[in-house]
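Bear in mind the structure is a predicted one, so any value in this text is a computation, not a measurement. The chains referred to below are lettered A, B, ... by the order of the sequence lines, with proteins before strands, and numbering in each begins at 1. Just so it is clear, the values below take in all heavy atoms, side chains as well, and ignore hydrogens, waters and symmetry mates.
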Amino acid sequence: MPELPEVESLRRILARSATGRTIVSAAVREKRLRRALDDDVADAIAGRAILAIGRRAKYLLIELDRELVLLVHLGMSGSLTHRRAGFDPGPFDPRHDHVEFALDDGARLVYNDPRRFGLIKLIKKSELENAAELRGLGPEPLGGGFSSEYFWRATRGRKAAVKTLLMDQRIVAGVGNIYASEILFRAGVRPTRRAGRVTRAEAERIAAYTPAVLSEAIGGGGTTFRSYRDARGQPGRFAERLQVYDREGQPCIKCGAAIRGIVVGQRSSFYCPHCQK
DNA sequence: AAACATTCCTGCACGC
DNA sequence: TGCGTGCAGGAATGTT
């Protein structure tokens with residue numbers, strides 16, 4: 001997964017394929033995800049109509065009738081696939097297909113998550129804003145709330161690496177490890193730079209490249225690094241357009257210098273020592 | 001066999 | 001001293 005572009009790609013596919021459908025039944029095979037699924041989730045979902053599919057940060061929001069919302073997070077290794085009736089159901093994975101929804105058109109939505117860092121939670125629509133998972137999230141990077149002025153202010157006085165802050169969901173919602181490296185490369189800022197030392201011009205570039213990179217990735221259907229698959233079971237195509245991520249030792253596309261791989265805030269990070277200051 | 005696309009929690013350091 | 005905040009580190013887990 002599953003950073004913002006992957007979840008947004010998933011949202012768009014499900015919006016077309018599942019909106020208006022009714023969930024006739026739900027089966028929970030494994031409820032031990034990041035948090036254990038509530039015991040009554042399957043019963044509460046059965047019979048509910050899917051009104052819309054939304055997204056906040058990396059959370060997918062499946063809006064149901066009766067003012068219910070199913071919150072889905074894919075963690076590190078989760079996927080939610082839509083399998084049409086009568087078509088190849090894809091490789092059935094009994095060990096990791098943890099939750100399955102049957103729709104009234106014969107299709108199925110299958111939640112698969114090997115590492116089980118994901119989350120599925122049913123909440124009332126009125127409690128959405130106050131939900132612990134969504135409360136405190138920063139602005140959506142594609143929603144206009146993530147301005148250069150905002151980011152510049154948010155970084156003042158902060159000693160943590162700028163990449164760490166860019167990935168902090170309270171600062172901006174949806175940027176994860178892959179795109180943080182890509183955004184900082186395009187902005188010409190090293191991931192290790194202390195956030196408080198980012199100049200105003202650099203903050204402007206970061207704030208501008210953040211939505212640009214995410215939008216481009218959405219256009220490519222997201223990034224498949226190892227195992228990510230979209231709702232149709234297809235890998236994302238943005239991996240071919242990654243300029244630094246997982247390219248340690250390979251030449252920078254701008255200057256030819258060898259891309260470096262380092263660890264920042266315990267996450268693998270990549271940058272060009274020549275282009276990024 | 002070490003690394004991993006995410007989030008949450010703990011504990012320490014620092015500053016007021 | 002006490003408290004709040006920031007930050008680092010680790011844990012959760014299965015796969016490649």
Is the shortest heavy-atom distance from the side chain of A/K58 to the side chain of A/H73 under 4.5 Å?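 Side chain of A/K58 against side chain of A/H73, heavy atoms only: contact under 4.5 Å found.
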Tell me whether the OP1 or OP2 atom of [N] has a side-chain N or O from [X] closer than 4.0 Å.
{"X": "A/R267", "N": "C/dA8", "answer": "no"}
{"X": "A/H73", "N": "B/dT7", "answer": "yes"}
{"X": "A/S268", "N": "B/dA3", "answer": "no"}

Footprint string (nucleotides 10-15 of chain C, 5' to 3'): B base within contact, S backbone only, - free, heavy atoms under 4.0 Å: B-BBBS
Interatomic distance where [atom1] belongs to [X] and [atom2] belongs to [N] [whole Å]:
{"X": "A/R35", "N": "B/dC8", "atom1": "CZ", "atom2": "C1'", "answer": "7 Å"}
{"X": "A/D246", "N": "C/dT16", "atom1": "CG", "atom2": "P", "answer": "16 Å"}
{"X": "A/R135", "N": "B/dC8", "atom1": "CZ", "atom2": "P", "answer": "11 Å"}
{"X": "A/I262", "N": "B/dC4", "atom1": "CD1", "atom2": "P", "answer": "12 Å"}
{"X": "A/F270", "N": "B/dA3", "atom1": "CZ", "atom2": "P", "answer": "11 Å"}
{"X": "A/Y59", "N": "B/dT6", "atom1": "OH", "atom2": "C1'", "answer": "9 Å"}

Identified side chain to side chain donor-acceptor pair (under 3.5 Å) counterpart of A/K163 within the set A/T192, A/D168, A/N177: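 Result: among A/T192, A/D168, A/N177, A/N177 is the only option passing the side chain to side chain donor-acceptor pair (under 3.5 Å) with A/K163.
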Listed in order of residue number, which residues of residues 156-171 of chain A have a non-hydrogen atom at under 4.0 Å from DNA chain B?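 By residue number: A/Q169.
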When rounded to the nearest 0.5 angstrom, what is the spacing between CG in A/L51 and CD1 in A/I62?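 Going from the CG atom of A/L51 to the CD1 atom of A/I62 covers 11.5 Å.
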If you measure from the Lys or Arg side-chain nitrogens to the Asp or Glu carboxylate oxygens, is any gap between A/E182 and A/R241 under 4.0 Å?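 Answer for the salt bridge query: no.
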Tell me whether A/D38 is salt-bridged to A/K31, with the criterion being a basic N under 4.0 Å from an acidic carboxylate O.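 No, no charged N to carboxylate O under 4.0 Å.
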By ring pair (Phe, Tyr, Trp, His ring centres under 6.0 Å) - contacts of A/Y111 (at least two apart):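 A/Y111 satisfies ring pair (Phe, Tyr, Trp, His ring centres under 6.0 Å) with no residue once adjacent residues are dropped.
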In this structure, are over 12 heavy atoms from other groups packed under 6.0 Å from A/K254 atom NZ?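 Yes, the 6.0 Å shell around NZ holds more than 12 heavy atoms from other groups.
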So for atom CZ, which belongs to A/R205, do other residues, nucleotides or ligands contribute more than 12 heavy atoms lying within a distance under 6.0 Å?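 Enclosed: over 12 neighbouring heavy atoms sit under 6.0 Å from CZ of A/R205.
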Could you tell me the Watson-Crick or G-U partner of C/dT13, where both distances fall under 3.5 Å? Say none if there is no partner.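 Across any shown strand, C/dT13 pairs with none.
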List the steps and the verdict of ring pair (Phe, Tyr, Trp, His ring centres under 6.0 Å) for A/F185 and A/Y271. CA-CA 6 Å; A/F185 171 70; A/Y271 72 99; 9.9 Å; no
